[in-house]
Amino acid sequence: MSRQKFSRALKRSICIEYMQSGKSKKEIALKYNLPNVQMLSSWIHSCLSPLEIHEKCASLQPVIIQTEENMAKKEEPMDVMAMSALIEAQRKQIEKLEKDLKFSRDKVLALNTLIDIAEEHGAKIRKKGGGKQ
């Protein structure tokens, strides 16, 4: 049995398809005749950045790998529904990030207030500026 060679671009496209499609690794491995799902896992970590992996590739444009089937159907890389779904996903992500940022700012304010009150009562918590001589 000969081993099939995949270009880095094709590996990346397959990884993006997996991340965006919601299909299992096994389904993708079968679709592209990969010997096992570990190969796909390996490609994900070698072809995608940690940020892309973390965000499940929400910011990446959908990729359609050109096969005879796709060419026969004349599929477009991005249709209106896919664009709408992408925009909605990004809007939800922005809302979540804004909520997390507000929480973090409130937490910092609360902690600084707590430290100020403790220092008014004689506790020395903050370090003085400047380096040791």
Side-chain angles (χ1 to χ4, degrees):
M1 183 167 123
S2 65
R3 291 180 46 169
Q4 187 176 0
K5 298 281 186 178
F6 293 89
S7 69
R8 181 167 175 82
L10 182 57
K11 289 177 186 178
R12 183 172 165 76
S13 295
I14 292 170
C15 293
I16 291 169
E17 179 182 344
Y18 161 70
M19 299 295 273
Q20 292 179 334
S21 69
K23 293 180 181 176
S24 70
K25 288 180 183 177
K26 187 174 183 177
E27 289 174 306
I28 297 294
L30 289 172
K31 180 178 178 179
Y32 293 100
N33 297 320
L34 303 179
N36 53 51
V37 295
Q38 288 77 19
M39 181 176 280
L40 180 58
S41 296
S42 171
W43 290 354
I44 290 168
H45 294 288
S46 67
C47 298
L48 300 177
S49 73
L51 182 61
E52 289 170 333
I53 294 169
H54 177 71
E55 295 178 354
K56 295 286 188 186
C57 298
S59 63
L60 295 174
Q61 296 293 326
V63 173
I64 294 178
I65 298 170
Q66 290 301 323
T67 62
E68 291 176 16
E69 181 181 299
N70 289 350
M71 291 170 82
K73 292 180 183 176
K74 300 199 185 295
E75 293 185 59
E76 293 292 322
M78 179 70 101
D79 63 1
V80 175
M81 293 197 51
M83 183 67 84
S84 300
L86 179 62
I87 290 170
E88 182 63 22
Q90 289 177 337
R91 187 188 62 75
K92 286 181 181 180
Q93 184 179 14
I94 289 169
E95 286 176 2
K96 181 189 179 307
L97 292 172
E98 286 174 342
K99 182 180 174 185
D100 291 347
L101 179 61
K102 183 181 181 332
F103 176 80
S104 295
R105 286 180 176 161
D106 290 345
K107 183 177 178 180
V108 168
L109 179 62
L111 292 172
N112 281 329
T113 303
L114 184 64
I115 291 170
D116 292 341
I117 292 169
E119 287 183 338
E120 287 175 5
H121 289 88
K124 298 191 186 232
I125 298 172
R126 288 191 177 103
K127 293 184 177 183
K128 293 183 179 177
K132 292 183 180 180
Q133 296 285 329

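- Taking both residues in full, the closest heavy atoms of Ile44 and Cys15 are given as N-SG, 3.5 Å, listed atom of the first, atom of the second, then distance.
- Of all non-hydrogen atoms in Lys11 and Cys47, the two that sit nearest each other are CB-SG, 3.7 Å.
- Here Gln93 contributes atom CD and Leu97 contributes atom CG; the two are 5.5 Å apart, rounded to the nearest 0.5 Å.
- Here the straight-line distance linking atom CG of Leu114 with atom CD of Glu119 works out to 10.5 Å at 0.5 Å rounding.
- Of the inter-residue distances, the one linking Glu95 atom CD with Lys99 atom NZ reads 10.0 Å to the nearest 0.5 angstrom.
- For Asp116, the side chain to side chain contact (heavy atoms under 4.5 Å, CB included) partners at least two apart in sequence or on another chain are Arg126.
- Taking NZ of Lys23 as the reference point, atom CG of Leu30 lies at 11.0 Å (rounded to 0.5 Å).
- When every heavy atom of Ile117 is checked against every heavy atom of His121, the shortest pair comes out as O-ND1, 2.9 Å.
- Put simply, OG on Ser21 and CD1 on Ile16 are 11.5 Å apart, with the number rounded to the nearest 0.5 Å.
- Of all heavy-atom pairs spanning Phe6 and Tyr32, the tightest one is CZ-O, 3.9 Å.
- Looking at Glu88 and Arg91, a side-chain N of the basic residue comes within less than 4.0 Å of a carboxylate O on the acidic one, giving a salt bridge.
- Every side chain to side chain contact (heavy atoms under 4.5 Å, CB included) that Ala9 has, sequence neighbours left out, goes to Ser7.
- Nearest heavy-atom pair across Ser24 and Tyr18 is C-CE1, 3.8 Å.
- The two residues Ile28 and Glu17 make their nearest non-hydrogen contact at CD1-OE2, 4.0 Å.
- Residues Pro35 and Met39 have side chains in contact (heavy-atom distance under 4.5 Å, counting atoms from C-beta outward).
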